[in-house]
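Read the structure below first, then the notes.
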Amino acid sequence: MPHNLLVDAPEQGVQVLTLNRPDVLNALNTDLLNNLSKALDDAEADPEVRAIVITGNQKAFAAGADINEMAARDLVGILEDPRVAHWERIARFTKPIIAAVNGFALGGGCELAMHADILIAGENARFGQPEINLGIMPGAGGTQRLTRKVGEALAMHMALTGEQINATRALQAGLVSEISQPELTVERAIEIGQTIARKAPIAVRLTKESVRKADDMSLSDGLRFERHAFTLLAGTADRQEGLDAFREKRSPRFNGQ
Ligand code: DAK
């Protein structure tokens, strides 16, 4: 049986993780989430990995949590549900994540895509939070991240009606940063990952952390965090290298220090 998560060796700093349960449109069961968590643990510890691309296939990024598994699960004790820890693991990942979304990104699939720092959509992408159709509601950020990204009007519309939006609407709403031809989505995501992989790693990590804080903090607290991070970078060898390289009209050679 093929593995439900394909983990490529990193190339030029970018590792591609491919959700691989095509028979069920990459529905996210516990085993797949577990494998994704483990792959992220490994990637976090691997200095060769500077950015991650998460993708699915042409028909689906992921059509949500595995409904068959959900139907079999007793909801009592949901806070001890191992899937909660897996979602938290994905949210804690410190390196940049780029989601390359073709086809359906629904429910937990849309929520997984929203855990990415950069979201690239194929023209055929469809985003939605259809949990309401199942008598439930989003449970991994679909009421929170979606609202912060697209605003209350559209988030409320999507979460209460279960209606999907297409790639163009997702771009207009600010959910994705770019649309590509479906067959080029992964290639484009890798290219973006490789661009980031050439930057100074500490600056990349602190930039991601700082932008993320904008969701959680007041403007004054966020600005304080940004200044603190900026000051930390002042002591890095990579900052010196970046400034020297500019003045010497050459490409910088960052070493992560
Ligand atoms: N789970 C299991 N199987 C799924 C599936 C899913 N989410 N989505 C599709 N499949 C299966 C279908 O049952 C079908 O299987 P067979 O009948 O061939 O055996 C196969 O994939 C192909 O699907 P369709 O035949 O339905 O394909 P169509 O093109 O006609 O329709 C569709 C595509 C995406 C519109 C449709 O499949 C669909 O509506 N799928 C369900 C989408 C959905 O409701 N997703 C939300 C699930 S609830 C949590 C955090 C988060 C969550 C839960 C817990 N905790 C922190 C604990 C998240 C919850 C959800 O995502």
Side-chain angles (χ1 to χ4, degrees), residues 1-46 48-49 51-73 81-91 93 95-128 130 139-142 164 167 176 180-194:
M1 198 168 89
H3 204 271
N4 56 27
L5 182 73
L6 308 179
V7 180
D8 288 359
E11 246 184 70
Q12 294 178 56
V14 180
Q15 182 168 52
V16 180
L17 306 179
T18 306
L19 309 173
N20 187 38
R21 301 186 73 212
D23 295 348
V24 287
L25 307 185
N26 291 332
L28 303 165
N29 63 1
T30 305
D31 190 51
L32 173 50
L33 287 173
N34 190 24
N35 288 331
L36 184 56
S37 278
K38 281 196 199 133
L40 292 179
D41 281 342
D42 293 345
E44 196 84 84
D46 184 349
E48 296 295 307
V49 178
I52 291 274
V53 170
I54 300 181
T55 194
N57 56 47
Q58 289 289 320
K59 170 133 197 213
F61 177 75
D66 189 311
I67 294 173
N68 297 319
E69 188 183 66
M70 285 174 74
R73 188 178 279 272
D81 188 321
R83 292 173 299 172
V84 173
H86 296 323
W87 283 106
E88 284 173 354
R89 174 66 194 97
I90 301 164
F93 192 66
K95 298 176 183 180
I97 300 177
I98 301 142
V101 177
N102 283 321
F104 296 110
L106 304 179
C110 186
E111 293 172 317
L112 176 59
M114 289 191 291
H115 276 70
D117 304 296
I118 298 177
L119 233 152
I120 305 298
E123 288 156 349
N124 63 348
R126 311 277 306 179
F127 297 89
Q164 302 170 10
V176 311
S180 87
Q181 290 173 38
E183 55 282 10
L184 298 179
T185 314
V186 176
E187 199 177 303
R188 176 65 186 136
I190 292 173
E191 187 179 89
I192 292 169
Q194 288 172 345

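Note that these values count all heavy atoms, side chains included, but never hydrogens, waters or copies made by symmetry.
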Quick one: closest heavy-atom pair of [X] and [Y], and the distance?
| X | Y | value |
| --- | --- | --- |
| A167 | A121 | CB-CB, 4.2 Å |
| G128 | C110 | O-CB, 3.5 Å |
| A43 | K95 | O-NZ, 2.7 Å |
| A100 | A189 | CB-CB, 3.8 Å |
| G108 | W87 | O-CH2, 3.3 Å |
| A105 | V101 | CB-CG1, 3.8 Å |

Distance, nearest 0.5 Å, that separates [atom1] of [X] from [atom2] of [Y]:
| X | Y | atom1 | atom2 | value |
| --- | --- | --- | --- | --- |
| L40 | N35 | CG | CG | 11.0 Å |
| L28 | L112 | CG | CG | 6.0 Å |
| N20 | L6 | CG | CG | 4.0 Å |
| I98 | I120 | CD1 | CD1 | 7.5 Å |
| L32 | L19 | CG | CG | 5.5 Å |

When H86, R83, R89 are each screened for side chain to side chain donor-acceptor pair (under 3.5 Å) with S37, the one that passes is H86

[X] versus [Y]: any side-chain heavy-atom pair under 4.5 Å?
| X | Y | result |
| --- | --- | --- |
| I118 | P96 | no |
| N29 | N4 | yes |
| D42 | V7 | no |
| F127 | L119 | yes |
| D66 | R21 | yes |
| T185 | T55 | no |
| I190 | Q194 | yes |
| K59 | L25 | yes |

Report yes or no: does [X] contribute a side-chain atom to a donor-acceptor pair with the main-chain N or O of [Y] at less than 3.5 Å?
| X | Y | value |
| --- | --- | --- |
| D117 | I97 | yes |
| N124 | N102 | no |
| E123 | P182 | no |
| Q164 | R126 | no |

Show, in sequence, the C-alpha distance, side-chain angles and deciding distance for F104 and N26, and conclude whether the side chain to side chain contact (heavy atoms under 4.5 Å, CB included) test is met.
CA-CA 9 Å; F104 296 110; N26 291 332; over 6 Å; no

Could you check whether atom CD of E11 has more than 12 heavy atoms from other residues, nucleotides or ligands sitting under 6.0 Å from it?
no

Candidate pair T18 and V186, rule side chain to side chain contact (heavy atoms under 4.5 Å, CB included), full reasoning:
CA-CA 10 Å; T18 306; V186 176; over 6 Å; no

